[in-house]
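FYI, the numbering just counts along the sequence from 1. Given the structure is predicted, the values throughout are model-derived calculations rather than measurements.
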Amino acid sequence: RQVGIFLPRTPSEQQAAVTPASTPQPGDIVFFGSPAYHVGIYAGNGMMWDSPHSGSSVGLRPVWSSSATYGRP
């Protein structure tokens with residue numbers, strides 16, 4: 001919000017609020033599922049920032065699904 005980007009709270013709402021991106025760029029949102037049940041932030045080179053589950057630390061990890069989709073806020 002501080003940089004002028006607003007995203008809804010849930011993954012499926014976020015998926016509906018962004019512009020789909022066929023070629024991901026760093027900063028794009030990575031979605032898993034349709035409707036989305038998990039999101040990450042694309043870091044480039046097949047990597048993303050995410051927390052794998054509640055209580056886990058945010059970290060840099062590979063995009064773990066070939067069916068992930070991307071969106072640009």
>> Strictly by salt bridge (charged side-chain N to carboxylate O under 4.0 Å, His left out), give each pair with a member in residues 49-61 just once, sequence neighbours left out.
In response: D50-R61

> How long is the gap from NE2 on H38 to NE2 on H53, to the nearest 0.5 Å?
Replying inline: 10.0 Å

>> Would you say that Q15 contacts Y37 through its side chain, given a criterion of any heavy-atom pair below 4.5 Å between the two side chains?
In response: no

> S34 side chain to A36 main-chain N or O, any donor-acceptor pair under 3.5 Å?
Replying inline: no

>> Is there a side chain to side chain contact (heavy atoms under 4.5 Å, CB included) between T69 and V30? Walk through the geometry before answering.
In response: CA-CA 6 Å; T69 59; V30 183; over 6 Å; no

>> Show the nearest heavy-atom pair for residues S22 and P24, with the distance to one decimal.
In response: O-CD, 3.7 Å

> How many angstroms lie between CD1 in I5 and CD1 in I29, if you round to the nearest 0.5 Å?
Replying inline: 8.0 Å

>> Please check: side-chain N/O of S51 versus main-chain N/O of S56, any donor-acceptor pairing under 3.5 Å?
In response: yes

> Does atom CG of L60 have more than 12 heavy-atom neighbours from other groups under 6.0 Å away?
Replying inline: yes

>> For residues 5-27, which residue pairs pass the salt bridge (charged side-chain N to carboxylate O under 4.0 Å, His left out) check, not counting sequence neighbours?
In response: none

> What salt bridge (charged side-chain N to carboxylate O under 4.0 Å, His left out) pairs are there with at least one residue in residues 20-48, not counting sequence neighbours?
Replying inline: D28-R72

>> Ring-plane angle category for Y70 and Y42, please: parallel below 30°, perpendicular beyond 60°, tilted otherwise.
In response: perpendicular

>> Restricting to non-hydrogen atoms, name the atom on S12 and the atom on P35 that form the minimum distance, rounded to 0.1 Å.
In response: CB-CB, 3.8 Å

>> Any side-chain to backbone donor/acceptor pair from Q14 onto F31? Under 3.5 Å, distance only.
In response: no

